[in-house]
Amino acid sequence: MSTHIEYPYIPEGRTILYVDETDPMMVLAKEYGRARCLDRTMPTASVVAREGFVLGIGANGSNYHNTHECVRVARGIKTGEGYELCEGCHPKNHSEVRAIEDAWQQGHLVRGADLYLWGHWWCCRYCWDVILDAEIQQVYLLRGSEVLFNKQHPDNIVGRQFTV
Ligand SMILES: [Zn+2]
Ligand SMILES: [Zn+2]
C-alpha cells in the first residue's frame, strides 16, 4: 500500500492507516452504521477503541434533512465545504465526534486510543480538531476508502455502501 492519497484535509504531521473490511472494529462500525446512520447518502460510523476494547461508537447524520432542505444543497456549496452552515450537515453530527462523545459519556478516557472510521475517506477539519484535542493516537480507515467513498471517483460505491 504505497499509494499516496491526497486528502482534502489532514493536520500537519498526522497520517491515516488502513485496515481490511474483516477488521473487527471496521465490521462493528459498518454494522452500527447500517443500523443507526441518519445520513443515508454518506453514512459513516466510528469506533473508538483501545487494544480491542470498544470505548465509544457513533453514527452520523441528523433528522434535520427529513423536514428541511439542505442549506448547502440549496446554495450549491461544493462537497466538503460549508458543513457548519446547515444544521443537518453540521460536523457535530459526524460519527468521529459522536464516537468520542459516546466514550466520554461512558466515563472512558480516550487519550491514546484509536479511532476507526467506516464510510468516508478523510476526516474534516472540525473532526480532526476534536480528535487532536482528545489525543486519539491513530485514525484507521477501510482500505480503498479513497475510491469506495469518494464521490469524485468513478468506481465509488456511494449510494450502495451496504449492498456491495
Ligand atoms: Zn445539509
Ligand atoms: Zn467531520
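One-based numbering, in listed order, for ligands and for the atoms of each.
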**Request:** Among the N/O/S atoms of His94, select the one at the shortest distance from the Zn ion (ligand 2) and name it.
**Result:** ND1
**Message:** With a 4.5 Å cut-off on side-chain heavy-atom distances among I, L, V, M, F, W and Y, is there a chain of contacts connecting Tyr7 to Ile136?
**Reply:** yes
**Request:** Check the side chains of Arg98 and Asn93 for a donor-acceptor pair under 3.5 angstrom, ignoring hydrogens and angles.
**Result:** yes
**Asked** Hey, would you say the His90 and Tyr126 ring centroids sit under 6.0 Å apart?
**Response** yes
**Apex the Zn ion (ligand 1) - arms NE2 from His65 and SG from Cys70 - angle rounded to 10°** = 110°
**Request:** State yes or no: are the ring centers of Phe162 and Trp118 separated by less than 6.0 Å?
**Result:** yes
**Request:** For the atoms SG of Cys124 and SG of Cys127, give the angle they form at the Zn ion (ligand 2), rounded to 10 degrees.
**Result:** 110°
